[in-house]
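Written below as structure tokens is the structure these notes are about.
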Amino acid sequence: ATQNSHRLQHYALLSIAYTLRPKTTRRLQHSAAQQCSTHCSMRVVITGGAGYLGQCLARGILRRGALRTHKHGETKVSSIVLADRAAPTRWHHEEVQEKTKLMIGDVGDAAFV
């Protein structure tokens, strides 16, 4: 009986923590987003970027100009690198070819990374 009461108490504490946490988390994320939105930017590497899906992802990021992260909200993208083991057989979007950098190599190779 005491073991069950300990489980219930533990469950109640977890429930209370879960109820209180989202407000605190949102407040912290909002302040981090405000600090980062003015000066932060990120470089993006898309593995398998020479393929159709990689090019579509790069195109979406280029059009949006930013990525949403769980810590900083919207973060500006400064550059996009398409990393793949082979060159694309076809460029599906011209803007991706013009505005990204293609690197041919294996991401499992430490010298390439």
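None of these values were measured; they are calculated from a predicted model. All values below come from the heavy atoms of this structure, side chains included, with hydrogens, waters and symmetry mates left out.
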### Worked verdict on Ile46 versus Leu82 for side-chain contact (heavy atoms from CB on, under 4.5 Å)
CA-CA 5 Å; Ile46 300 174; Leu82 305 177; 4.1 Å; yes
Could you pull out every donor-acceptor pair under 3.5 Å between side chains of residues 97-113 and any protein atom, sequence neighbours left out?
| from | atom 1 | to | atom 2 | distance (Å) |
| --- | --- | --- | --- | --- |
| Thr100 | OG1 | Val96 | O | 2.4 |
| Asp106 | OD1 | Gly108 | N | 3.1 |
| Asp109 | OD1 | Ala111 | N | 3.3 |

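Pairs of residues two or more places apart, or lying in two chains, that qualify as salt bridge (Lys or Arg N to Asp or Glu O under 4.0 Å) and include a residue from residues 83-95 are Arg59-Glu95, Arg63-Glu95. For the ring-ring contact (aromatic ring centres under 6.0 Å, His included) condition, the pairs that include at least one residue of residues 42-63, sequence neighbours left out, are Tyr52-His92. For residues 45-55, the set of pairs meeting the salt bridge (Lys or Arg N to Asp or Glu O under 4.0 Å) definition, not counting sequence neighbours, is empty.
Across all their heavy atoms, Ala83 and Val45 have their closest contact at CB-CG1, 4.1 Å. Between Gln55 and Ala50, the shortest heavy-atom distance links the atoms NE2-O, 2.8 Å.
Linking Ile, Leu, Val, Met, Phe, Trp and Tyr residues whenever their side-chain heavy atoms come within less than 4.5 Å places Trp91 and Leu62 in a single cluster. Leu57 and Met42 end up in the same hydrophobic cluster when Ile, Leu, Val, Met, Phe, Trp and Tyr side chains are linked at under 4.5 Å.
Partners of Arg64 under the side chain to side chain donor-acceptor pair (under 3.5 Å) rule, at least two apart in sequence or in another chain, are Glu74. By the side-chain contact (heavy atoms from CB on, under 4.5 Å) test, Ser78 pairs with Ser41, Arg43, sequence neighbours left out.
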